[in-house]
Amino acid sequence: MEKKMKVVIFDVDDTLYDQIVPFEEALKASLPHASQELKKELKALYIRFRYYSDQVFHLTEEGTLSLEEMRVYRIQEALKDFEVSITKKEAEKFQQAYRDNQGKLEMKPEMASLIKELLAVDMMLGILTNGPTEHQKAKLDQLGLTNLISKETIFISGEVGLAKPSQAIFQHIETKLDKTSEQFVYIGDSYENDVIGAKSSGWTCIWLNKYEKDIREESFQPDIELVDYTQIRQMVMGLIK
């Protein structure tokens with residue numbers, strides 16, 4: 001029975017909370033002119049911001065690009081796509097406001113309820129997230145997850161030295177938890193990092209496609225695709241049973 005028991009692993013950013021909320025607040029606080037100009041295109045701007053962040057994330061892991069440079073780059077490039085130009089100083093001001101607002105994070109109610117329900121049935125839960133160790137740990141504390149999930153099942157790329165979508169980090173988790181790939185259910189929002197990483201590693205994947213990305217022509221497909229949180233409990237409980 002133990003061999004078949006599922007393990008549910010969660011991504012953090014834009015999965016357990018809405019990352020667009022601190023993003024919008026940071027824009028308002030640090031770049032009010034851009035915030036007003038792009039009010040109707042906030043979602044599209046945020047998608048580009050995430051795109052540029054993911055584009056160079058591996059360089060920060062390799063040490064060829066500093067986190068500070070990456071953070072300036074992603075907001076400058078995203079805004080350029082909407083014909084808005086900002087200075088390095090303005091980009092740094094945005095990043096500070098973004099970080100400040102991440103200190104006010106709240107977990108999505110649907111995810112908080114799901115985690116509590118899974119814990120009530122003794123399900124093994126874990127976290128897999130890309131990012132700097134202390135920065136991601138601070139988010140987990142803010143979300144109340146360090147009181148709910150064992151530190152032994154929390155995997156942060158900066159700490160492990162491996163990052164999604166590399167199969168190596170998924171295999172690392174299998175080894176650490178002494179489980180096989182078919183026992184894992186992974187829940188994440190990024191197609192490039194979460195779906196590709198999980199499916200190429202043989203894990204079951206629930207994809208929160210909150211920004212309705214079209215992947216019909218892509219090689220890797222999630223097992224379940226959701227556009228919001230309304231069915232997340234039903235889908236997860238169905239998989240683990």
Checking [Y] against [X]: is there a side-chain donor and acceptor pair closer than 3.5 Å?
X: Tyr51; Y: Asp81; value: no
X: Gln136; Y: Thr129; value: yes
X: Glu68; Y: Tyr73; value: no
X: Glu182; Y: Thr180; value: yes
X: Gln19; Y: Tyr46; value: yes

- Message: Check the orientation of Trp203 and Phe184. Use parallel for under 30°, tilted for 30 to 60°, and perpendicular for over 60°.
- Response: parallel
Nearest non-hydrogen partners of [X] and [Y], listed with the distance:
X: Lys199; Y: Gln221; result: CG-O, 3.5 Å
X: Asp54; Y: Ser190; result: OD2-OG, 4.3 Å
X: Ser201; Y: Ser181; result: O-CB, 3.3 Å
X: Ile127; Y: Ile9; result: C-CG2, 3.9 Å
X: Lys213; Y: Asn209; result: N-OD1, 2.8 Å
X: Leu177; Y: Val7; result: CD1-CG1, 4.2 Å

Atom [atom1] of [X] and atom [atom2] of [Y]: how far apart are they, to the nearest 0.5 Å?
X: Asp189; Y: Leu208; atom1: CG; atom2: CG; answer: 7.0 Å
X: Lys6; Y: Met123; atom1: NZ; atom2: CE; answer: 9.5 Å
X: Ile20; Y: Lys43; atom1: CD1; atom2: NZ; answer: 7.0 Å
X: Gln167; Y: Leu162; atom1: CD; atom2: CG; answer: 12.0 Å
X: Gln55; Y: Met70; atom1: CD; atom2: CE; answer: 11.5 Å
X: Thr133; Y: Ile154; atom1: OG1; atom2: CD1; answer: 12.0 Å

- Message: Atom CD of residue position Glu83 - does it have more than 12 heavy atoms of other residues, nucleotides or ligands inside 6.0 Å?
- Response: no
- Neighbour count >12 (heavy atoms, 6.0 Å) for atom CD, Glu218: yes
Under a 4.5 Å cut-off applied to non-hydrogen side-chain atoms, are [X] and [Y] in contact?
X: Leu79; Y: Leu38; result: yes
X: Lys80; Y: Ser85; result: no
X: Tyr98; Y: Ile75; result: no
X: Phe49; Y: Glu77; result: no
X: Glu117; Y: Arg233; result: yes
X: Leu67; Y: Pro132; result: yes
X: Pro22; Y: Leu105; result: yes
X: Leu125; Y: Ile115; result: yes

- Determine whether the aromatic ring centres of Tyr191 and Tyr211 lie less than 6.0 Å apart. no
Is [X] salt-bridged to [Y], cutoff N-O under 4.0 Å?
X: Asp18; Y: Lys108; answer: yes
X: Glu159; Y: Lys137; answer: yes
X: Glu92; Y: Lys89; answer: no

- Task: Take Lys28 and Glu25 through the salt bridge (Lys or Arg N to Asp or Glu O under 4.0 Å) test and state the conclusion after the steps.
- Result: CA-CA 5 Å; Lys28 288 177 184 175; Glu25 292 304 314; 3.7 Å; yes
- Message: Pair Ile224, Trp207 - check side-chain contact (heavy atoms from CB on, under 4.5 Å), show working.
- Response: CA-CA 6 Å; Ile224 295 171; Trp207 182 35; over 6 Å; no
Main-chain N/O of [Y] paired to [X] side chain as donor or acceptor, under 3.5 Å:
X: Thr64; Y: Leu59; result: yes
X: Asp13; Y: Thr15; result: no
X: Glu90; Y: Ser30; result: no
X: Ser35; Y: Leu31; result: no
X: Ser113; Y: Glu110; result: no

State yes or no: do [X] and [Y] share one hydrophobic cluster built from I, L, V, M, F, W and Y residues joined by side-chain heavy-atom distances below 4.5 Å, directly or via other members?
X: Leu118; Y: Ile149; result: yes
X: Ile169; Y: Val195; result: no
X: Leu140; Y: Leu119; result: yes
X: Leu27; Y: Tyr17; result: no
X: Met237; Y: Tyr229; result: yes

- How far apart are the C-alpha atoms of Ile156 and Val12, what are their side-chain angles, what is the distance that settles it, and do they pass the side-chain contact (heavy atoms from CB on, under 4.5 Å) test? CA-CA 10 Å; Ile156 301 171; Val12 176; over 6 Å; no
- Message: Assess the residue pair Phe23 and Phe94 against the criterion (ring pair (Phe, Tyr, Trp, His ring centres under 6.0 Å)); give the C-alpha distance rounded to whole Å, side-chain angles, the decisive distance to 0.1 Å, and a yes or no.
- Response: CA-CA 9 Å; Phe23 177 81; Phe94 165 83; 5.7 Å; yes
- Task: Test Glu37 against Val84 for side-chain contact (heavy atoms from CB on, under 4.5 Å), laying out the working first.
- Result: CA-CA 9 Å; Glu37 287 178 37; Val84 175; 3.6 Å; yes
- Task: Report the C-alpha separation of Tyr186 and Lys164 in whole Å, then their side-chain angles, then the decisive distance to 0.1 Å, and conclude whether the side-chain hydrogen bond (donor to acceptor under 3.5 Å, both in side chains) test is met.
- Result: CA-CA 12 Å; Tyr186 188 64; Lys164 300 179 291 184; 2.9 Å; yes
- Criterion side-chain contact (heavy atoms from CB on, under 4.5 Å) on Asp223 and Val185, from CA distance to verdict: CA-CA 10 Å; Asp223 296 275; Val185 175; over 6 Å; no
- Query: Applying the side chain to side chain contact (heavy atoms under 4.5 Å, CB included) test to Arg74, which of Arg48, Arg50, Gln95 qualifies?
  - Reply: Gln95
